[in-house]
Amino acid sequence: MNWSSWAEFFAMGGYGVYVWGSYAVTFACVIGEILLISKRRRTLVKRYGLIHDSVTEDTEKTSDTKEISDGQRDFK
Amino acid sequence: MAINWYKYAAPASFYSLAGKMIPFFTIIAFGLLVAGLYIGFFVAPTDFQQGEAYRIIFIHVPAAWMSMFLYVVMAFWAGIGLAFNTRLSSMMATAIAPTGALFTFLALWTGSLWGKPMWGTWWVWDARLTSELILLFLYIGFMSLQAAIDDPRRADKAGAIIALVGVINIPIIYFSVQWWNTLHQGASVSVTQAPTMASTMLTGMMVMVFASWMYAIAVILKRVRVIILERESNTAWVAELRRKGAF
Amino acid sequence: MFFWVIQRDLLLAIRRRSDVLTTLFFFVIVVSLFPLSVGPEMNMLRTMAPGIVWVAALLASMLSLGRLFSNDYMDGTLEQMLLSPQSLSVLVLGKALAHWLVTGVPLVLMAPILGIQYDLPMDALFVLTISLLLGTPVLSLIGAIGAALTLGLRGGGVLISLLVLPLYIPVLIFGSGAVEANMAGVGHEAHLSLLGAFLLVSLVFAPWAAASSLRVSME
Amino acid sequence: MFFWVIQRDLLLAIRRRSDVLTTLFFFVIVVSLFPLSVGPEMNMLRTMAPGIVWVAALLASMLSLGRLFSNDYMDGTLEQMLLSPQSLSVLVLGKALAHWLVTGVPLVLMAPILGIQYDLPMDALFVLTISLLLGTPVLSLIGAIGAALTLGLRGGGVLISLLVLPLYIPVLIFGSGAVEANMAGVGHEAHLSLLGAFLLVSLVFAPWAAASSLRVSME
Amino acid sequence: MLHGVNLTCVRGDRRLFKEVNFTLEAGGLMQVNGPNGSGKTSLLRILCGLTSPALGKITWRGETVRALDGQYYRDLTYIGHLTGTKDDLTALENLRISSALSGVQVTEKQARDALAYMGLVGRELLPAKVLSQGQRRRVALARLLVCNTTLWILDEPLAALDVAAVKLIQDLLEQHLQEGGMVVMTTHQDIDIAAVSTVQLQLA
Amino acid sequence: MLHGVNLTCVRGDRRLFKEVNFTLEAGGLMQVNGPNGSGKTSLLRILCGLTSPALGKITWRGETVRALDGQYYRDLTYIGHLTGTKDDLTALENLRISSALSGVQVTEKQARDALAYMGLVGRELLPAKVLSQGQRRRVALARLLVCNTTLWILDEPLAALDVAAVKLIQDLLEQHLQEGGMVVMTTHQDIDIAAVSTVQLQLA
Ligand code: HEM
Ligand SMILES: Nc1ncnc2c1ncn2[C@@H]1O[C@H](COP(=O)(O)OP(=O)(O)OP(=O)(O)O)[C@@H](O)[C@H]1O
Ligand SMILES: Nc1ncnc2c1ncn2[C@@H]1O[C@H](COP(=O)(O)OP(=O)(O)OP(=O)(O)O)[C@@H](O)[C@H]1O
Ligand SMILES: [Mg+2]
Ligand SMILES: [Mg+2]
């Protein structure tokens, strides 16, 4: 065992800033990466949840003729 | 529905396979990480030249190795995707890039933090450092190009071309930088290495390298699953998943 | 109106995040090229650093000028802006400000990190950042005049440089001068207050000049 | 066919003389900015000279890349080229060569004059010119890949830089290295022959890679 | 209200038209006809004040257009060959922002309705660059629905539009004219628009 | 000669058309009809091999188009929404160079004749940027007169053209069809072209 106390451990022989700076940023990045992927996935799943009901219509969407005639409702 | 099942089969089955593999790699990565950190901080002795600062090695070297290794893997998958038009391999390449860039950044970051106490400066224009910096640019170029293109098919192919051109260039860059630097002999410092590395140090380092690999695999699989979902959103099998709510 | 312009340009920039990032990385890459080309001696690099960072900032800001009006021009939006009841100068000021937010601010934030690569002392890093903070908006404002004048001319991209670089020179001299003065221990206040003066003057005159240039270019 | 492409691009360049001139002036201005920004010490400037000239050449050549395909893309000519019975690689080679003739050659001719400004010895001037003569075509060829990949992407101009600059680095290192080696009395032959090798390799591969990129971009 | 007096347009060494005079009253439609290259676009740009005529002047409510500036532009909507549609913005954003730039704030609801009227339901959130030629023009023309200007100057508004859309535009113009608006337009297609008064201006 | 088999086109998350089949023989005209955004342009680009279809294939003289490449392109002339007219080149240079790029060398005399036929006498030496919208399209269409390809694919060739020019193009197409050529075209205008056989392809 190299360390006689926690303080010594955190001091890292005077190089604490450098050593812990490296490790802290590394773990921050790793955790950040994981969180970002999870977030990307959650937004995706949420979006799918929203269009859940329109699945059939969504996959069968072929052209817009119908939509155009729908669209001709009075405006002004 | 005239959707070609053959084409969609691969990502669909890979999606669930990857889902099963992720926990496995995550657990191994975590175990190795704990072991590596334990060896690194509590078993490995103090270096007689560098004091405790050398303990940065346990993340610096894995990060530096992974950064280079992942680039090659990325270019490989991208090339396969370009040559055989297999979408899954292109998605793999896309998924690898951010992790590769992350490791490159970490190599630079930890290297700088190591350099300050050892060399007295955050940065020198040393050959190895410079080529690592260029590697970061290559990753970023790949990612920005893909981000700038909306059509995924085009993004895959364009990314593949730049990745392959980059991979041809990496040795050229590496050697030219080496030559540029040594010809000049300006900077008196270079990456110094502990003369004889204690075997526990080496063990700790290698354990951390394996931990990084496992982590990279897990995280890349996780990302590739999201990418598959995004890209295949209008296929029957995703619709099926959606109906069941079983992502 | 003014805010609509800024909001619109920022929206476009967000939609195209890569634009912002690529200007930034262009800056980073140019700064990193010099050691490769000049050689790695630290002492020499340190002396060159303020000059290089400033020249790179200037080039990065200049290169993105092309986009300031040309997209709006090509798709006819600019015609619509000329036909807008609002004052054109205000529109131009909005566009220049959005340009600075999108290209200038990231450079300012990035500069200290690059300074570290050149081993600049803490003090000098601070002055470098301040000088860029005062100087880059001037670049965007003056650049707007150049962009307006070269609108629709083929090869505009490089023509802008030609028109605008001479006007950038004072900013460059005082910007890098401030850092060098600081490193030489001479005091950088005079330089910085001159930069501030440039900023005020260009805030007042540049939008108006750019608006007139736009009208000329669109005839 | 090949010659038609070159002829056409040269014709366009002549019709738009300003393009050629502005690339050249950009080069001149960047080189001349440095003494302003770094300070006037002659010894230091002399050491920096090859590096600066090379970086400026690289930036000048890079900036004009945007135009390599984008005009043809926007007005539909490129579509026609893809539908041409001729091999696309040959067309691309033609365009890259025309680009070099229009942007590279003037730089090569201008470089010695700028070298004199930095007080480079005769010998070094000669090596500088030769290194540019070998290196600039490589820049145009590699640049063609970047230009093809970023075609039609907004912010393409700066994205090109990002893609292409890392690939330019070896050319930069050996180009400026040749001059520095000569000035240090070490001998520049190795550098120059490496530059020659780069040229050959890129002559063979770049048109092909750029042609594939074009097909991808036009999908 | 809109008068053109003695307008002459010279492009290069060619005089496209000379001494063009016209008067357009409330509810009036002016159709500018002529073969390709006869100067229709040039005339329309002159009317907008984007180019100045070689001779002659334009007045709006009795005052010279050049002197009015902002005042005139508050009454004017111009849609030319180029439509000012941003590739990267969605149809909805394009409409809202282009309206805002011409001084009209449009709520999301209004903008959606306008797009729906133009037959773009389901396309509101697509970036304009993936829209078809005709859809892009529809987005541009949707501005006519949300602006409340008197004078519309339209350069070939029907280009690239399909039959249904042509009918829509025709209705829209007729309604605008009925309400006392004014329209200046060019087109190579046959179209019959009912107006209080119609001026047919034939160029060369 | 030109067969489309089971063509399906997907853009974004939308399927524009599916299972489109057609056969075009010598002398045949195919008119692709459909409202804005129905996928006409997309189909034409697929026929040219500029985009690949999601499913299905195209054969030319019995061979798949992707495999033919240069061979196919020797028989094909495509004129799309964008015409490839260079702003800085004169009409004459534009015509000669665009022909040369598609593999046909045109003498100055031939080019002048073609431009004259398209009604551009006196405009040959003007740079394209000063030409009117319709004149630019005429320059682009002049290529049809000098190329000697069999298959013409034209996306809204009549856009921006005046009545006289529409007649010219109609005659030109009829002559080409008479001589055994093939034409695939879209248009929103009414036009009646006599052909050995006419396929009307209605999209959605
Ligand atoms: C920003 C600064 C740095 C960067 C970018 C960097 C980059 C790299 C790279 C790319 C490698 C892998 C090279 C290979 O395996 O061939 C590496 C390995 C290594 N680096 Fe660094 N480094 C930096 C700073 C430092 C510092 C300051 C030290 C120690 C004083 C150091 C010590 C090491 C050691 C011991 C290895 C392992 C060597 C080997 O495997 O042969 N590095 N570094
Ligand atoms: N510099 C110049 N020299 C000679 N003629 C010129 C010059 N600039 C423009 N022109 C001519 O001016 C005319 C411009 O026409 P304009 O664009 O107004 O036509 P248009 O009536 O809108 O035609 P279209 O129906 O084709 O849109 C063209 O005939 C063009 O040839
Ligand atoms: N990424 C996307 N997401 C959804 N829809 C898309 C996407 N890209 C293209 N589209 C749709 O594809 C269609 C493209 O149509 P295309 O240009 O082929 O139409 P067209 O028949 O030529 O119409 P026009 O008559 O207006 O020229 C448009 O309806 C467009 O909205
Ligand atoms: Mg017109
Ligand atoms: Mg179309």
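Just so it is clear, the structure is predicted and the values come from calculations on it, not from any experiment. Each chain gets a letter, A, B and so on, in the order its sequence line appears, and its residues count up from 1.
- Legend: residues meeting side-chain hydrogen bond (donor to acceptor under 3.5 Å, both in side chains) with F:S99, ordered by chain and number and at least two apart, are absent.
- The ring-ring contact (aromatic ring centres under 6.0 Å, His included) pairs that include a residue from residues 128-154 of chain F are F:W152-F:H176, where partners are two or more places apart or lie in different chains.
- Taking F:E156, F:H81, F:R138 one by one and counting their heavy-atom pairs under 4.5 Å with chain E, the maximum is reached by F:H81.
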N/O donor-acceptor pairs under 3.5 Å from side chains in residues 112-119 of chain F, not counting sequence neighbours:
residue, atom, partner, partner atom, Å
F:R112, NE, F:E108, OE2, 3.2
F:R112, NH2, F:E108, OE2, 3.4
F:D113, OD1, F:K109, NZ, 3.3
F:D113, OD2, F:K109, NZ, 2.7

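- Within the 4.5 angstrom heavy-atom criterion, no atom of F:A164 approaches chain E.
- Closest approach of E:N36 and F:A160 over heavy atoms only: ND2-O, 2.9 Å.
- Taking non-hydrogen atoms and a 4.5 Å limit, the residue list of residues 124-137 of chain F in contact with chain E, ordered by number, reads F:L126, F:S132, F:Q133, F:G134, F:Q135.
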